[in-house]
A.B. asks: 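Input: one structure, supplied below.
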Number of protein chains: 2
Amino acid sequence: MSPIELNKRQDTILQIVKENGPITGEQIAERLNLTRATLRPDLAILTMAGFLDARPRVGYFYSGKKTMTTVTESMMNLKVKDFQSLPVVVSENMTVYDAIVHMFLEDVGTLFVVDENTMLQGVLSRKDLLRTSIGSQDLNTIPVHIIMTRMPNIVYCKKTDSLIVAAKKLIERQVDSLPVVHETDKGLEIVGRLTKTNITKAFISLAETHDL
Amino acid sequence: MSPIELNKRQDTILQIVKENGPITGEQIAERLNLTRATLRPDLAILTMAGFLDARPRVGYFYSGKKTMTTVTESMMNLKVKDFQSLPVVVSENMTVYDAIVHMFLEDVGTLFVVDENTMLQGVLSRKDLLRTSIGSQDLNTIPVHIIMTRMPNIVYCKKTDSLIVAAKKLIERQVDSLPVVHETDKGLEIVGRLTKTNITKAFISLAETHDL
């Protein structure tokens, strides 16, 4: 007998799918009185672990427990969209002072700067803001576009990218956060934010799904 | 046949141990012209994956490939000491301005504050420094002990703690970094720094050791 020890919510999801599958993520969320976004990591882990199968436009169904795949193969199936957070954006003409205040109010470590079409123009890290704050300039008069990181120096990812690939970008490019973008004719539309906090949570989820 | 795909350094280590084991970590490091610290994550992963066995005061030897243990069980064997970074410390009377400059020079996100016996007294995050920098006080006159987080509010870990447990502390207590400490009669001696960057690297290492 192999030890199966899912966290409580994963266990409940598994029961719901066993009894009602095929069932969509939205329907599972409704039954649990939670948002689809909240359930995403659990569904990703359960699918990766082989407990659930997912079919587009059909939903999740119980797979029994399939033959173990290698961990890497499974980890490669973890996607950015299952672990990303909501992005926090500011406009190019916001002052550095206001950006710092905004960062504290939203409690994030990175702000994304957008133009009038809400397309990605820049990235502001806590480090950028701290560097500017000890300079001699008046924070109330410098707009963020003066100090932000711009294209082509912005490192980003897409929501369907592998989480491992995104994690490597965070490490190799030495940034705390990646904008998750959707490419459009007008530019890069920001759909999410992927941070080292998200990766740390994924690492914990992996360990909590005991029987991978 | 199961797919074995270690990274190049792990592969080399495996060869060295196969031909020379039992062999200590120091001896392996010497042969590769690397430090013991650099090799620690690779040795941890190889041991966790069951390729190597380690015996105290004897060294590493090749185990063949043992029966697969569950991923959680293996992940629980990953220790803080295998992934931690070097700590960067400052004294209690350093000014906030100097601390910010020091943070940039050392390129870290957290500084640990020590007393005259080099025992842990406080923690300074980029967020703490940024908050102070937009205040009305002169950064050149405020000492860091005024703004640092103090005991009992400091979250810390020990080098023999499980990496998973430390990762949970980072998330639950919403901090970017934990001091790794050693308890002594005089107080907490700082022996390392564990950050979300370290956890992200561990996550990547897990995926790179294909055949867990």
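The figures that follow rest on heavy atoms only: side chains count, while hydrogens, waters and symmetry mates do not. Sequence lines set the chain letters: A, B, ... in the order given, protein chains first and strands last, and positions in each chain run from 1.
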A.B. asks: Considering all heavy atoms of both residues, which atom of B:K127 and which atom of A:D107 are nearest to each other, and what is their separation?
C.D. replies: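 For B:K127 versus A:D107, the nearest heavy atoms are NZ-OD1, 2.7 Å.
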
A.B. asks: Might you point out which heavy atoms bring B:L129 and A:L130 nearest each other, and give the distance in Å?
C.D. replies: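 That would be C-CD1, 3.9 Å.
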
A.B. asks: Between A:N198 and chain B, with a heavy-atom cut-off of 4.5 Å, which part of the residue counts as in contact: side chain, backbone, both or neither?
C.D. replies: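 The answer is neither part of A:N198.
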
A.B. asks: In terms of heavy-atom pairs under 4.5 Å with chain B, which of A:T200, A:T195, A:L170 leads?
C.D. replies: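 Of A:T200, A:T195, A:L170, A:T200 has the most heavy-atom pairs under 4.5 Å with chain B.
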
A.B. asks: Heavy-atom distances under 4.5 Å only: say whether A:F203 touches chain B with side chain, backbone, both or neither.
C.D. replies: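 The answer is both parts of A:F203.
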
A.B. asks: Looking at B:R31, I'd like to know if its CZ atom is crowded, meaning that more than 12 non-hydrogen atoms belonging to other residues, nucleotides or ligands lie closer than 6.0 Å.
C.D. replies: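 Open.
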
A.B. asks: Looking at B:E106, I'd like to know if its CD atom is crowded, meaning that more than 12 non-hydrogen atoms belonging to other residues, nucleotides or ligands lie closer than 6.0 Å.
C.D. replies: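 Counting other residues, nucleotides and ligands, CD of B:E106 exceeds 12 neighbours.
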
A.B. asks: For A:K159, I'd like to know if atom NZ has over 12 heavy atoms of other residues, nucleotides or ligands within 6.0 Å.
C.D. replies: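 At most 12 heavy atoms, drawn from other residues, nucleotides or ligands, come within 6.0 Å of this atom.
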
A.B. asks: Checking A:I171 against chain B: side chain, backbone, both or neither under 4.5 Å from a heavy atom?
C.D. replies: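 Side chain of A:I171 only, per the 4.5 Å heavy-atom cut-off to chain B.
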
A.B. asks: Above 12 or not: heavy atoms from other molecules or residues under 6.0 Å from CG of B:L86?
C.D. replies: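 Open: at most 12 neighbouring heavy atoms sit under 6.0 Å from CG of B:L86.
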
A.B. asks: Do B:I199 and A:K196 have side chains that approach each other closer than 4.5 Å (heavy atoms only, starting at C-beta)?
C.D. replies: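 Side chain of B:I199 against side chain of A:K196, heavy atoms only: no contact under 4.5 Å found.
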
A.B. asks: Please look at B:L139 and chain A and tell me whether the side chain, the backbone, both or neither of the residue comes under 4.5 angstrom of a heavy atom of that chain.
C.D. replies: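 Contact with chain A involves the side chain of B:L139 alone.
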
A.B. asks: For B:K201, I'd like to know if atom NZ has over 12 heavy atoms of other residues, nucleotides or ligands within 6.0 Å.
C.D. replies: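 No, the 6.0 Å shell around NZ holds no more than 12 heavy atoms from other groups.
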
A.B. asks: Does B:D176 reach the side chain of A:R126, with side-chain heavy atoms less than 4.5 Å apart?
C.D. replies: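 Yes, close enough: below the 4.5 Å cut-off.
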
